Each structure stands twice: as structure tokens, then as C-alpha cells.
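These figures come from a predicted structure and were not determined experimentally. Both ligands and their constituent atoms are indexed starting at 1 by order of listing.
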Amino acid sequence: MNWPEHMFIGALFGLILALFLQLPIIEGGLVAGMAAISALAPDIDHDSSKIRKISNITVPIAAFGFSFAATCSEGVMCTLDDMRSIIILGLAITGLYMIVITFFKPKHRGITHTIFSALVFAIFIYIFSDLNFAFAGFAGYASHLLADKHIRMI
Ligand SMILES: [Zn+2]
């Protein structure tokens with residue numbers, strides 16, 4: 001199954017979840033969007049997947065954004081020293097991602113295509129956002145496994 005279909009099914013799951021949680025229209029839309037993106041996540045183990053192309057761009061951006069936020073939360077008070085740590089931390093995170101994805105890439109439809117990974121993914125989202133988005137992440141991720149007809153616990 002290709003990524004547009006996975007996204008569509010993920011969005012559908014997200015919409016059902018939004019209805020189930022009786023979310024207001026805007027939040028419901030965000031939850032559906034989150035589920036649609038999450039539905040692509042399991043194929044991170046595939047070199048030519050859409051999510052890999054997205055990650056290869058967003059991971060470095062997010063890494064530097066995170067480094068910036070973690071290093072000088074004051075924003076305007078960023079010193080030259082802060083800038084140096086931001087660049088080092090940003091490069092370190094990006095490098096780690098590249099190393100993992102290049103040398104420790106899980107085999108296709110291996111660990112990434114499990115309920116266990118869906119849970120880890122949801123917990124990760126919960127840490128950075130809230131419970132509704134975590135549910136959306138889980139729903140989207142799980143929808144991918146259902147669509148692949150590849151459902152394993154671990
Ligand atoms: Zn898949």
C-alpha cells in the first residue's frame with residue numbers, strides 16, 4: 001500500500017477518534033491530521049518511503065529547533081557561546097538519526113510494524129503534546145498495521 005492510501009486511512013481513523021472523543025471541529029481536524037501523518041511513521045524502515053523523505057528534512061530542522069529551545073530559552077539573550085552549543089547539539093542529534101537510519105535500520109515490516117512500536121510512538125507524542133494527540137498517533141500508526149494486514153504485538 002502506498003503512502004496516500006495509508007494517509008487517507010489514517011485520517012479516517014483520526015476522524016472516527018475525534019467523533020468518539022467529541023472534540024470541537026478545529027481540534028478534531030488537528031487530531032485527524034496527526035493520525036494521517038502517524039499512519040506514515042511505520043514505513044520509516046523503507047528507504048524510498050514518503051516518511052523517510054519527510055524525516056530527512058524535518059529531523060535536522062527539529063534537532064536545531066530543539067537545541068535552540070533547550071540552550072537559550074531567553075531567546076534574545078543568546079550569546080555566541082550558546083550558538084556554538086546549539087550547532088554542536090543540533091549536529092549531534094542529526095548525526096545520530098543518520099547513523100541509526102543508515103546502520104541500524106530495522107528490516108522492512110520488522111519492529112516498526114508492531115503494536116509495541118505504536119505504543120512507544122504514542123508515548124513519545126504524549127511527552128511532546130497531549131493525550132488526544134497521543135491517541136491520534138496511536139490510531140494512525142495502528143491503522144497502518146491494519147492496512148498492511150501485518151499486526152503483531154512485538
Ligand atoms: Zn508498512
Enclosure of [X] [atom1] (heavy-atom neighbours >12, cutoff 6.0 Å):
X      : atom1 : value
Phe64  : CZ    : yes
Phe135 : CZ    : no
Tyr126 : OH    : no

## Note on the structure
Rounded to 10°, the NE2/His113 to the Zn ion (ligand 1) to OD1/Asp43 angle comes out at 90°
### Message
Closer than 2.8 Å to the Zn ion (ligand 1): does that hold for any N, O or S atom in His144?
### Response
yes
### Query
Is the shortest distance from a Lys or Arg side-chain nitrogen in Asp45 or Arg109 to a carboxylate oxygen in the other one below 4.0 Å?
no
### Task
Please find the N/O/S atom of Asp148 nearest to the Zn ion (ligand 1) and write down its name.
OD2
